[in-house]
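Step one of this worksheet: look at the structure below.
Here the structure is a predicted model, which means the values were calculated and not measured. Every chain is numbered from 1, with letters handed out A, B, ... down the list of sequences.
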2 protein chains.
Amino acid sequence: MRPKNLEKEQAIRTVALDIIAKEGLENLSMQKLAKAANVSPRTIYIKYENKEDFLVKLFINEVLEVYEQAVLKDFDEHMEFADGVKKIWMNTFQYLKNNRPAFALLQYSRSSPLLNKAYQQQHIQQGQFFAPIHRFIAANIKAGTIKNFHFDVYRAMIFPVLLELVSEYFDYTERPKQIITEKVLQECCATVIKGIMK
Amino acid sequence: MRPKNLEKEQAIRTVALDIIAKEGLENLSMQKLAKAANVSPRTIYIKYENKEDFLVKLFINEVLEVYEQAVLKDFDEHMEFADGVKKIWMNTFQYLKNNRPAFALLQYSRSSPLLNKAYQQQHIQQGQFFAPIHRFIAANIKAGTIKNFHFDVYRAMIFPVLLELVSEYFDYTERPKQIITEKVLQECCATVIKGIMK
DNA sequence: TTTGTAAGTAAATAAACGTTTACTTACTTT
DNA sequence: AAAGTAAGTAAACGTTTATTTACTTACAAA
């Protein structure tokens, strides 16, 4: 049996993310992807059932899972609240600023019904996404460090600010002056923490 | 000369937003739109040059401009900082929760390169988007109420949290218990303000 | 070295795409 | 009442779409 060419599989995924980042999800076609990845259209269909299946698996396996690992790197749910949040922020920023195509697809998961649904299902099936952060928040509520909001509310208060700053970081990379520096990010993080802590 | 049927024009826009919200921007085709709006494809092309032109104008005129007005309703840049931010928050939430299709397209403007570019250009050409808020922030920096961050950083700290809560609000409307209540929103807003103010 | 088999290709499929053509309709102007 | 005209329609245009068919290739096992 002829063995799979893993480089080709990887090329398909990488090129797909690139096209999505540069031209948008709505301009990604299977034929365009095959051509750009130097592969026959049929090759994509060996591993993926159809376009939707491909997009969902690309999002979950190539982006979301890697993203989660990067965010949680060296994070420990028993850290001091402020330290833990800072760790998460800096991890997230570090990963995303070096993975613009991943960030692009992550943004699409907030608009595209297909990807949004995939995210929700993964969240339900896979136990909890970002479970250590979930426990981290719960422990801090119990300890009285922070107010008793629902986890989803805390998620809203911690991540979207940061994702918007990443988005602005990329916008400013095409302009003379970068305003989203590591220093600004740290001060911004401190601001968020100050608001949240009792 | 036969006069334009304004109802048909409106139907096209309304139906388009509906399709985008339900099936996603990537599943909106001109033929599907025409059929759903009970209109000949040609009718769309009377007013719009092509699909991109249609999408950009739909986004700018039907969503972004209306959104800006709703956000700024009864807002006065000379308000106390906390009052001003609360006003903006409640206006935004009130408008978006009753205009899910508009919210859907607004979310796409954070991922789709076409809409993102349209947003940036509008921002540059049209002077400033949300100019009163810009001046509001600037005045509060000058008065020493808040720290001297760039406006874009403040934008990141004020809006994305709220938009995420709106997104969660819609998610929870399909579930037994709504956790994004007006009370939660107000407490959340207070948390953000507490962080930002000196 | 031969053989079996999944990986992979090039070309083709029908359906759907954005857009246009050829025509009709409905209203204003004269 | 007749003429002029842009709005609007139905059907068609060539192209691109997602996916498949028919075939070839490259390797592991025998």
* Atom CD1 of B/Ile44 and atom C1' of D/dT9: how far apart are they, to the nearest Å? -> 13 Å
* Asked: NA contact type, A/Leu28, heavy-atom cut-off 4.0 Å: base, sugar-phosphate, or nothing?
  -> sugar-phosphate
* Would you kindly give the NZ-to-C1' distance between B/Lys4 and D/dT5, to the nearest whole Å? => 14 Å
* Structure fact -> note: B/Asn27, atom CG; C/dG18, atom C1'; distance rounded to Å ~ 16 Å
* Check: A/Tyr169 main-chain N/O paired with A/Gln178 side-chain donor or acceptor under 3.5 Å -> yes
* Asked: A/Trp89 side chain to A/Ala190 main-chain N or O, any donor-acceptor pair under 3.5 Å?
  -> no
* **Cluster link B/Phe93 to B/Val66, ILVMFWY, side chain under 4.5 Å** => yes
* Hey, does the side chain of A/Ser109 reach the backbone of A/Leu106 with a donor-acceptor pair shorter than 3.5 angstrom? -> yes
* For the side chain of B/Thr191 and the backbone of B/Glu187, is there at least one donor-acceptor N/O pair under 3.5 Å apart? -> yes
* To do: Say whether, by atom type as modelled, one donor and one acceptor occur between the side chain of A/Lys32 and the main chain of A/Asn27 under 3.5 angstrom.
  => yes
* Asked: Are A/Cys188 and B/Met157 side-chain neighbours, meaning at least one heavy-atom pair lies under 4.5 Å?
  -> yes
* For the ring pair B/Tyr108 and B/Phe59, is the centre-to-centre distance below 6.0 Å? -> no
* To do: Determine: side-chain N/O of B/Thr43 to OP1/OP2 of D/dT9, distance under 4.0 Å, yes or no.
  => yes
* To do: Describe, in one word, how the ring planes of A/Tyr119 and A/Phe129 are oriented to each other, choosing from parallel (under 30°), tilted (30 to 60°) and perpendicular (over 60°).
  => parallel
* With heavy atoms under 4.0 Å as the rule, sort A/Ser29 into base, sugar-phosphate or nothing. => sugar-phosphate
* To do: Take the protein atom CD1 of B/Ile19 and the nucleotide atom P of C/dC17, then report the distance between them rounded to whole Å.
  => 10 Å
* To do: Send over the distance from A/Lys35 NZ to C/dT9 C1', rounded to a whole Å.
  => 15 Å
* **Whole-Å distance separating the CG atom of A/Leu55 from the C1' atom of D/dT19** => 15 Å
* To do: Provide the closest heavy-atom pair for B/Ala21 versus B/Pro101 in the form atom of the first, atom of the second, distance.
  => CB-CA, 3.8 Å
All N/O contacts under 3.5 Å from nucleotides 19-21 of chain C to the protein, with atom names and distances to one decimal?
unit_1 : atom_1 : unit_2  : atom_2 : d
C/dT19 : OP2    : B/Tyr45 : OH     : 2.6
C/dT19 : OP2    : B/Lys51 : N      : 2.8
C/dT19 : O5'    : B/Tyr45 : OH     : 3.3

* **Sorted by number, the residues of residues 6-17 of chain B with heavy-atom contact under 4.0 Å to DNA chain C** => none
Tabulate atom names and distances for all N/O pairs under 3.5 angstrom spanning the protein and nucleotides 28-30 of chain C.
unit_1 : atom_1 : unit_2 : atom_2 : d
C/dT28 : O4'    : B/Met1 : N      : 3.3

* Between P of D/dT17 and CG of A/Leu33, the distance in whole Å -> 12 Å
* Asked: Between the main-chain N or O of B/Thr145 and the side-chain N or O of B/Asn140, is there a donor-acceptor pair closer than 3.5 Å?
  -> no
* Asked: What is the distance from CD of B/Glu26 to C1' of D/dT16, rounded to the nearest Å?
  -> 18 Å
